[in-house]
Peer 1: 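Before I ask anything, let me first share the structure, which is written out below as structure tokens.
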Amino acid sequence: MKIASFNINGIKARAEALKDWLKEAEPDVAILQEIKSIDENFPRELFEDMGYTVETHGQKSFNGVALLSKLPLEDVTRGLPGGEGMGREGADDIEARYIEATVIGAKDSLRICGLYLPNGNPVDLQSDGTPVPGSKYDFKLKWFDRLTARAKELLAAEEPFLMAGDYNLIPQPEDAKRPEAWKDDALFRLESRAKYRTLTSLGLTDALRVRNTAPETYTFWDYQAGAFDRNDGIRIDHFLLSPQAADHLVDCQIDAYTRAKAKPSDHVPIWVELDI
DNA sequence: ATGGTGGTGCGACCA
């Protein structure tokens with residue numbers, strides 16, 4: 001089973017590029033982030049015509065995630081638990097950043113968690129150095145805590161699952177061309193990395209680092225200043241596998257070539273092949 | 001270099 005994750009930066013601008021890549025890569029499941037669309041405006045028929053079932057969790061203008069699957073999907077849920085009162089201005093967590101579904105494979109079922117973790121910038125700190133309550137950085141760290149809580153729940157079942165998507169997190173200095181430039185950024189600050197480490201330390205496997213040890217391997221390059229031409233990138237899109245999923249890991253790769261095409265997303269797809 | 005580019009959607013806001 002081939003499962004891909006791709007932050008497309010707007011379905012309206014990227015529909016044709018997404019179709020082209022799906023035809024080339026032929027994933028069984030595609031996990032999308034930043035669809036930037038309400039559910040009603042997502043061009044689902046473009047992908048249904050290619051044999052995909054389409055499940056969206058969108059909102060107006062920003063964020064939004066989706067699942068495309070050629071294999072049967074069951075038990076689709078939208079939203080990450082624990083968001084009550086987590087929105088800005090004390091509102092509920094209305095940011096559409098998380099979707100889960102069970103994919104029925106030839107040998108086994110796999111729970112797929114698709115996520116778009118908050119960016120977290122700007123980093124607003126109080127005089128004691130802790131994040132300002134209700135700030136974007138505070139929201140990011142608390143979102144990490146909720147994701148970790150969900151991972152604990154799923155791990156207890158001892159079944160195959162994965163959490164994949166745009167984590168907006170650079171795990172290690174080697175995951176950035178210029179790590180010093182990201183030192184104080186919400187994507188690389190020590191508190192952010194500690195949250196990521198807490199999550200992976202539950203027993204989740206970073207699929208890319210198991211299958212690909214090549215240096216300067218990134219999933220995002222800024223649109224500005226010719227970042228891609230200089231390979232001035234960061235690795236922030238990740239596949240984290242449960243032990244039962246990692247047992248079936250065959251391959252994990254990044255389709256960086258899509259970044260060189262016309263009108264690219266600033267992210268590129270990452271995918272895993274699981275014998276499942 | 002405190003957004004230089006790009007998306008959404010039509011005024012800002014987000015990354």
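What you see is a predicted model; the values in this text were computed from it and never measured. Labels below follow one simple rule: chain letters A, B, ... track the order of the sequence lines, proteins then strands, and each chain is numbered from 1. These values consider heavy atoms only, across backbone and side chains, with no hydrogens, waters or symmetry-generated copies.
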Peer 1: How many Å lie between CG on A:D232 and C1' on B:dG4, as a whole number?
Peer 2: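 A:D232 atom CG is separated from B:dG4 atom C1' by 14 Å.
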Peer 1: Which whole-number value in Å describes the distance from A:R178 CZ to B:dA1 C1'?
Peer 2: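 So the two atoms are 11 Å apart, to the nearest Å.
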Peer 1: If you count every heavy atom of other residues, nucleotides or ligands that lies below 6.0 Å from A:E45 atom CD, does the total exceed 12?
Peer 2: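 Above 12, so yes.
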Peer 1: Return the value, rounded to whole Å, for the distance between atom CD of A:Q59 and atom C1' of B:dT8.
Peer 2: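 Nearest whole value for this atom pair: 12 Å.
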Peer 1: How are the rings of A:Y167 and A:F144 set relative to one another: parallel (under 30°), tilted (30 to 60°) or perpendicular (over 60°)?
Peer 2: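 Ring orientation of A:Y167 relative to A:F144: tilted.
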Peer 1: Nearest heavy-atom pair of A:P264 and A:T258: which atoms, and what distance?
Peer 2: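 Smallest interatomic distance, heavy atoms only, reads CB-O, 3.6 Å.
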Peer 1: Please report, rounded to the nearest Å, how far the P atom of B:dT5 is from the CZ atom of A:R230.
Peer 2: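 About 13 Å, once rounded to whole Å.
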Peer 1: Counting only side-chain heavy atoms from C-beta out, which of B:dC14, B:dG4, B:dA15 sits nearest to A:Q224?
Peer 2: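 When the side chain of A:Q224 is considered, B:dG4 is the closest of B:dC14, B:dG4, B:dA15.
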Peer 1: Determine, step by step, whether A:H238 and A:L117 satisfy the side chain to side chain contact (heavy atoms under 4.5 Å, CB included) criterion, reporting the C-alpha distance in whole Å, the side-chain angles of both residues, the deciding distance to 0.1 Å, and the verdict.
Peer 2: CA-CA 11 Å; A:H238 309 297; A:L117 207 134; over 6 Å; no
Peer 1: Once the angle between the rings of A:Y98 and A:W143 is folded into 0 to 90°, is it parallel (under 30°), tilted (30 to 60°) or perpendicular (over 60°)?
Peer 2: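 If you compare the ring of A:Y98 with that of A:W143, the planes turn out perpendicular.
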Peer 1: Expressed as a whole number of angstroms, how long is the span from A:H267:NE2 to B:dC14:P?
Peer 2: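 The distance from NE2 of A:H267 to P of B:dC14 comes to 16 Å, rounded to the nearest Å.
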Peer 1: How long is the span from the CG atom in A:D266 to the CG atom in A:N9, to the nearest 0.5 Å?
Peer 2: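 Going from the CG atom of A:D266 to the CG atom of A:N9 covers 4.5 Å.
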Peer 1: B:dG9, B:dG6, B:dA15: which one has an atom nearest the side-chain heavy atoms of A:Y116?
Peer 2: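 Ranking B:dG9, B:dG6, B:dA15 by closest atom to the A:Y116 side chain puts B:dA15 first.
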Peer 1: Nearest nucleotide by nearest heavy atom, which residue falls closer to the 5' end of DNA chain B, A:K36 or A:D222?
Peer 2: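 The answer here is A:D222.
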Peer 1: Closest to the A:K136 side chain: B:dT8, B:dC10, B:dC14?
Peer 2: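 From the listed options, B:dC14 comes nearest.
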Peer 1: Heavy atoms under 4.0 Å, any strand shown: does A:I236 hit a base, just sugar-phosphate, or nothing?
Peer 2: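 Here A:I236 touches no strand at all.
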Peer 1: What is the distance from CD1 of A:I35 to C1' of B:dG7, rounded to the nearest Å?
Peer 2: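 Distance check: A:I35 CD1 to B:dG7 C1' gives 13 Å.
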Peer 1: Under 4.0 Å, heavy atoms only, any strand: does A:A225 hit a base, just the sugar-phosphate, or nothing?
Peer 2: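 Base: the residue A:A225, judged by heavy atoms under 4.0 Å, touches a nucleobase.
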Peer 1: Counting side-chain heavy atoms from C-beta on, which of B:dT8, B:dA15, B:dC10 comes nearest to A:N119?
Peer 2: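 Of the options given, the side chain of A:N119 lies nearest B:dA15.
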Peer 1: Check every atom of B:dC10, B:dT5, B:dT8 against the side chain of A:K60 and return the nucleotide holding the closest atom.
Peer 2: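 The closest nucleotide is B:dC10.
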Peer 1: Using the C1' atoms only, state how far B:dG3 lies from B:dA12, rounded to an integer number of Å.
Peer 2: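 14 Å, rounded to whole Å.
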Peer 1: Could you tell me whether A:F220 contacts a base, only the sugar-phosphate backbone, or nothing, with contacts defined as non-hydrogen atoms closer than 4.0 Å?
Peer 2: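 No contact at all - A:F220 keeps every heavy atom at 4.0 Å or more from the nucleic acid.
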Peer 1: P atom, B:dA1 versus B:dA15: distance in rounded Å?
Peer 2: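 Each nucleotide's P atom is 23 Å from the other's.
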Peer 1: For A:D166 and for A:P264, find the nucleotide of DNA chain B with the closest heavy atom, then tell me which residue's nucleotide is more 5'.
Peer 2: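 The residue mapped nearer the 5' terminus is A:P264.
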Peer 1: Using whole Å, report how far OH of A:Y137 lies from C1' of B:dA15.
Peer 2: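 Whole-Å distance recorded here is 17 Å.
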Peer 1: Can you tell me how far C1' of B:dC14 sits from CD of A:Q33, to the nearest Å?
Peer 2: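 These atoms are roughly 16 Å apart.
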Peer 1: For B:dG4, which nucleotide is its Watson-Crick or G-U wobble mate, given both distances must be under 3.5 Å?
Peer 2: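 Here B:dG4 is not engaged in any pair, so there is no nucleotide opposite it.
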Peer 1: Using the C1' atom as the reference point in each nucleotide, state the distance between B:dG9 and B:dC14 in Å, no decimals.
Peer 2: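 That atom pair is separated by 13 Å.
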